[in-house]
Amino acid sequence: QVQLVESGGGLVQPGGSLCLSCAASGVIFRIIAMGWYRQAPGKARELVASITSSGSTNYADSMKGRFTISRDNVRNTVYLQMNSLKLEDTAVYYCNADSNDLVGRNFNFWGQGTQVTVSS
């Protein structure tokens, strides 16, 4: 079992910054990748950014140049630094982990989510 706990959400003004954290705990053999998704009311959940075990990153087009995903493998924690925040960035942000067990079976885990509200 793997548990993901997000933190760092809150209220911020347009143009401001926030840093989200996601700590992974539990028994795991291999994490293939971790990422951040977000979901606004009435909209589908969408990818924000992801990072593989080797450090390769992927960003949604609207986040490129504003958001940065990073990881600390020792602490099993992934971060999302968000700069130049816009009103449309308001959403619940979810942490995701894609993993394999020791016999190669794939598992996907989600955190509870953390609210990010951008408002003047």
Side-chain angles (χ1 to χ4, degrees):
Q1 290 283 338
V2 173
Q3 292 185 335
L4 305 176
V5 180
E6 301 102 333
S7 62
L11 176 65
V12 65
Q13 293 183 330
S17 299
L18 284 174
C19 185
L20 307 182
S21 299
C22 174
S25 63
V27 178
I28 190 168
F29 180 71
R30 177 188 176 190
I31 294 178
I32 300 171
M34 296 185 70
W36 290 95
Y37 291 71
R38 70 184 185 185
Q39 187 168 21
K43 296 184 178 181
R45 187 173 298 186
E46 63 176 346
L47 172 71
V48 176
S50 64
I51 184 167
T52 68
S53 59
S54 63
S56 298
T57 58
N58 183 51
Y59 298 91
D61 288 341
S62 62
M63 288 76 170
K64 292 180 180 178
R66 299 191 299 124
F67 293 4
T68 302
I69 189 169
S70 61
R71 66 177 186 176
D72 183 338
N73 288 335
V74 175
R75 299 178 184 272
N76 291 320
T77 301
V78 64
Y79 304 92
L80 183 69
Q81 178 65 49
M82 304 185 293
N83 299 322
S84 302
L85 284 163
K86 306 174 182 179
L87 296 178
E88 53 264 41
D89 293 322
T90 296
V92 177
Y93 285 71
Y94 297 91
C95 182
N96 172 265
D98 187 28
S99 65
N100 285 349
D101 65 12
L102 75 167
V103 294
R105 294 176 296 185
N106 182 252
F107 298 88
N108 206 263
F109 303 92
W110 293 92
Q112 295 296 313
T114 184
Q115 177 71 50
V116 172
T117 302
V118 184
S119 176
S120 60

message = Suppose we screen for side chain to side chain contact (heavy atoms under 4.5 Å, CB included). Which residues come up paired with V118, at least two apart in sequence or across chains?
response = V12, P14, L85, L87, D89, T90, V116

query = Pairs in or reaching into residues 2-26: which pass salt bridge (Lys or Arg N to Asp or Glu O under 4.0 Å), with residues at least two apart or in two chains?
reply = none

Under 3.5 Å, side-chain donor or acceptor atoms of residues 39-46 against the rest of the protein: list the pairs with distances, not counting sequence neighbours.
| unit_1 | atom_1 | unit_2 | atom_2 | d |
| --- | --- | --- | --- | --- |
| Q39 | NE2 | K43 | O | 3.1 |
| E46 | OE2 | R38 | NE | 2.8 |
| E46 | OE2 | R38 | NH2 | 3.3 |

message = My understanding is that a hydrophobic cluster links ILVMFWY residues whose side chain heavy atoms are under 4.5 Å apart, including indirect links. Using that, what else belongs to the cluster containing Y79?
response = none

note = For residues 48-120, the disulfide (SG to SG under 2.5 Å) pairs (sequence neighbours left out) are C22-C95

remark   = Sorted by chain and residue number, the side chain to side chain contact (heavy atoms under 4.5 Å, CB included) partners of A23 (sequence neighbours excluded) come out as T77

remark   = Sorted by chain and number, sequence neighbours left out, side chain to side chain contact (heavy atoms under 4.5 Å, CB included) with S7 holds for S21

task = Look only at the side chain of N108 and the backbone of S99, and say whether a donor-acceptor pair between them is shorter than 3.5 Å.
result = no

ask   = Does the side chain of Q13 come within less than 4.5 Å of S120's, by heavy atoms?
value = no

remark   = Quick note, disulfide (SG to SG under 2.5 Å) partners involving residues 37-67, not counting sequence neighbours, are none

task = Run through the side-chain heavy atoms of Ile, Leu, Val, Met, Phe, Trp and Tyr, join any pair under 4.5 Å, and report what else lands in W110's cluster.
result = Y37, L47, V92, Y94

ask   = What heavy-atom pair brings W36 and L20 nearest, and what distance separates the two atoms?
value = CH2-CB, 3.6 Å

query = Sub-3.5 Å donor-acceptor pair from the side chain of R71 to the main-chain atoms of T52, do we have one?
reply = yes

key: I32: hydrophobic cluster co-members (side-chain, 4.5 Å)   = none

ask   = S50 and N58: side chain to side chain contact (heavy atoms under 4.5 Å, CB included), yes or no, with the steps?
value = CA-CA 5 Å; S50 64; N58 183 51; 3.5 Å; yes

task = Check side chain to side chain donor-acceptor pair (under 3.5 Å) between K64 and all other residues, then give those that pass, not counting sequence neighbours.
result = D61

ask   = Given side chains that start at C-beta, do those of V48 and F67 come closer than 4.5 Å, heavy atoms only?
value = yes

message = Q115: which residues meet the side chain to side chain donor-acceptor pair (under 3.5 Å) condition with it, sequence neighbours left out?
response = T117

